[in-house]
J.: 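Let me give you the structure first, and then I'll get to my questions.
Just so it is clear, the structure is predicted and the values come from calculations on it, not from any experiment.
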Amino acid sequence: NKNSVLKNQNGQHPFAVIVTCSDSRVAPEILFDQGIGDLFVIRNAGNLISDIDMGSIEYAVEHLDAKLIVVLGHTECGAIKAYVGDKNNDYQKHRNHIDDIVETITNEQEEKQEEKLHPKETNILGCINANIEHSTKTIANNPIIKEHKTKIIAMRYDVHTGKIVLL
């Protein structure tokens, strides 16, 4: 709305960083009912944490004074479906840089632990949760995040019900 635009025209002051998937069904500003300038949103397939994403998080915490980081994964995540080998997933048809996403998820320690408990092909929700946990731990281990004592929470959005749960 016009008031949000005017309020933020000379700078941004988000209270939270949201790390989430690029999936078009996952729109943090809408899901959390927030306006322009309220959230610093970082999106990529599978809500992964690259060095560039971490730099963006550090910027939001250190320079914009964001006090909260939310890692928001979701059900029906195409990146996780590609990782588990879902044959109905469009990601399986044409592979190139998508392989980088799958390889990153494959190398996550939390995914390896989950695989020891249940075969990934029959445990998509467990794999989604493990991926969220990995990103959350990666952020929590960052020295700048630790120094600023930023609160970090892990959440999962269900695209079928519209509900968000804390993990």
Side-chain angles (χ1 to χ4, degrees), residues 14 16-32 34 39-61 64 66 68-146 150 152-167:
V17 177
I18 311 291
V19 178
T20 194
C21 189
S22 299
D23 189 301
S24 61
R25 298 167 291 183
V26 184
E29 293 86 353
I30 294 170
L31 296 176
F32 295 114
Q34 297 300 308
L39 303 176
F40 191 88
V41 180
I42 301 162
R43 295 178 72 161
N44 63 60
N47 40 272
L48 304 174
I49 306 296
S50 69
D51 289 345
I52 292 169
D53 298 308
M54 189 62 83
S56 297
I57 296 166
E58 290 173 353
Y59 172 77
V61 167
L64 302 178
L68 172 67
I69 301 169
V70 175
V71 177
L72 180 65
H74 68 97
T75 59
E76 303 298 334
C77 181
I80 298 298
K81 285 183 171 184
Y83 161 69
V84 300
D86 183 344
K87 303 297 183 239
N88 297 318
N89 189 345
D90 288 341
Y91 283 136
Q92 296 295 325
K93 293 178 184 167
H94 304 287
R95 306 283 297 267
N96 46 39
H97 291 291
I98 294 169
D99 290 330
D100 295 337
I101 296 167
V102 173
E103 182 180 340
T104 298
I105 295 169
T106 300
N107 290 324
E108 293 176 356
Q109 217 38 51
E110 293 78 5
E111 292 295 352
K112 292 176 183 177
Q113 297 282 351
E114 190 65 29
E115 177 90 29
K116 288 178 184 175
L117 301 173
H118 308 282
K120 66 182 180 180
E121 295 79 10
T122 59
N123 187 29
I124 292 176
L125 191 59
C127 292
I128 290 168
N129 291 345
N131 170 257
I132 296 167
E133 180 185 356
H134 175 78
S135 293
T136 303
K137 284 181 179 177
T138 300
I139 296 166
N141 287 326
N142 178 284
I144 291 172
I145 306 309
K146 286 180 181 179
T150 310
I152 307 166
I153 54 177
M155 303 178 100
R156 186 186 65 237
Y157 171 65
D158 189 318
V159 300
H160 300 289
T161 65
K163 291 184 179 174
I164 298 173
V165 296
L166 283 170
L167 297 182

J.: Is Leu166 close to Ile153 at the side-chain level, that is, under 4.5 Å between some pair of heavy atoms?
T.: yes

J.: I need the Asn44 CG to Thr104 OG1 distance, nearest 0.5 Å.
T.: 9.5 Å

J.: Any sub-3.5 Å donor-acceptor pair from Thr20's side-chain atoms to Asn47's backbone N or O?
T.: no

J.: Looking only at non-hydrogen atoms, find the nearest pair between Ala45 and Ala79 and report the distance.
T.: C-CB, 4.1 Å

J.: Could you tell me which non-hydrogen atom of Thr136 sits nearest to which non-hydrogen atom of Ala154, and how far apart they are?
T.: OG1-CB, 3.5 Å

J.: Suppose we screen for side-chain contact (heavy atoms from CB on, under 4.5 Å). Which residues come up paired with Asp23, at least two apart in sequence or across chains?
T.: Cys21, Arg25, Val26, His74

J.: Is the shortest side-chain heavy-atom distance between Arg43 and Pro28 below 4.5 Å?
T.: yes

J.: May I ask you to check whether over 12 heavy atoms, not counting those of Ile30, lie within 6.0 Å of atom CD1?
T.: no

J.: With the side chain counted from C-beta on, respond yes when Ile18 and Phe40 share a heavy-atom pair under 4.5 Å apart, and no when they do not.
T.: no

J.: Minimum heavy-atom separation for Ala60 and Val17, please, with both atom names.
T.: CB-CG2, 3.4 Å

J.: Rounded at 0.5 Å granularity, tell me how far CG in Asn129 sits from CD1 in Ile124.
T.: 12.0 Å

J.: Determine whether Thr75 and His160 make a side-chain contact, defined as any pair of heavy atoms from C-beta on separated by less than 4.5 Å.
T.: yes

J.: Any side-chain heavy atom of Pro14 within less than 4.5 Å of one from Leu39?
T.: no

J.: Can you tell if the side chain of Ile145 reaches within under 4.5 Å of the side chain of Ile69, non-hydrogen atoms only?
T.: yes

J.: Kindly say whether Lys137 contributes a backbone atom to a donor-acceptor pair with the side chain of Asn141 at under 3.5 angstrom?
T.: yes

J.: When rounded to the nearest 0.5 angstrom, what is the spacing between SG in Cys77 and CD1 in Ile105?
T.: 6.5 Å

J.: Roughly how far, to the nearest 0.5 Å, is NZ of Lys163 from CG of Leu31?
T.: 14.5 Å

J.: Using only atom types and a distance under 3.5 Å, with no angle test, would you say the side chain of Asp158 pairs donor to acceptor with the backbone of Gly162?
T.: no

J.: In Å, rounded to the nearest 0.5 Å, how long is the span from CD of Glu108 to CG of Leu48?
T.: 6.0 Å

J.: Please, which pairs that meet side-chain hydrogen bond (donor to acceptor under 3.5 Å, both in side chains) have at least one residue in residues 111-127, sequence neighbours excluded?
T.: Glu114-Asn123

J.: Below 4.5 Å, heavy atoms only, C-beta onward: do Ile132 and Arg156 meet side chain to side chain?
T.: yes

J.: Taking atom OG of Ser135 and atom CD of Glu110, what is their separation to the nearest 0.5 Å?
T.: 8.5 Å

J.: Please walk me through it: do Ile57 and Thr150 pass side chain to side chain contact (heavy atoms under 4.5 Å, CB included)?
T.: CA-CA 11 Å; Ile57 296 166; Thr150 310; over 6 Å; no

J.: Is a side-chain donor-acceptor pair under 3.5 Å present for Asp53 with Ser56?
T.: no

J.: Any side-chain heavy-atom pair from Val70 and Val19 closer than 4.5 angstrom?
T.: no

J.: Looking only at heavy atoms, which two atoms of Val102 and Ala82 are closest? And how far apart?
T.: CG2-CB, 3.6 Å

J.: Verify side chain to side chain contact (heavy atoms under 4.5 Å, CB included) between Glu58 and Asn142, making sure each step is shown before the conclusion.
T.: CA-CA 9 Å; Glu58 290 173 353; Asn142 178 284; 2.7 Å; yes

J.: Does Phe32 have any ring-ring contact (aromatic ring centres under 6.0 Å, His included) partners at least two apart in sequence or in another chain, and if so, which?
T.: none

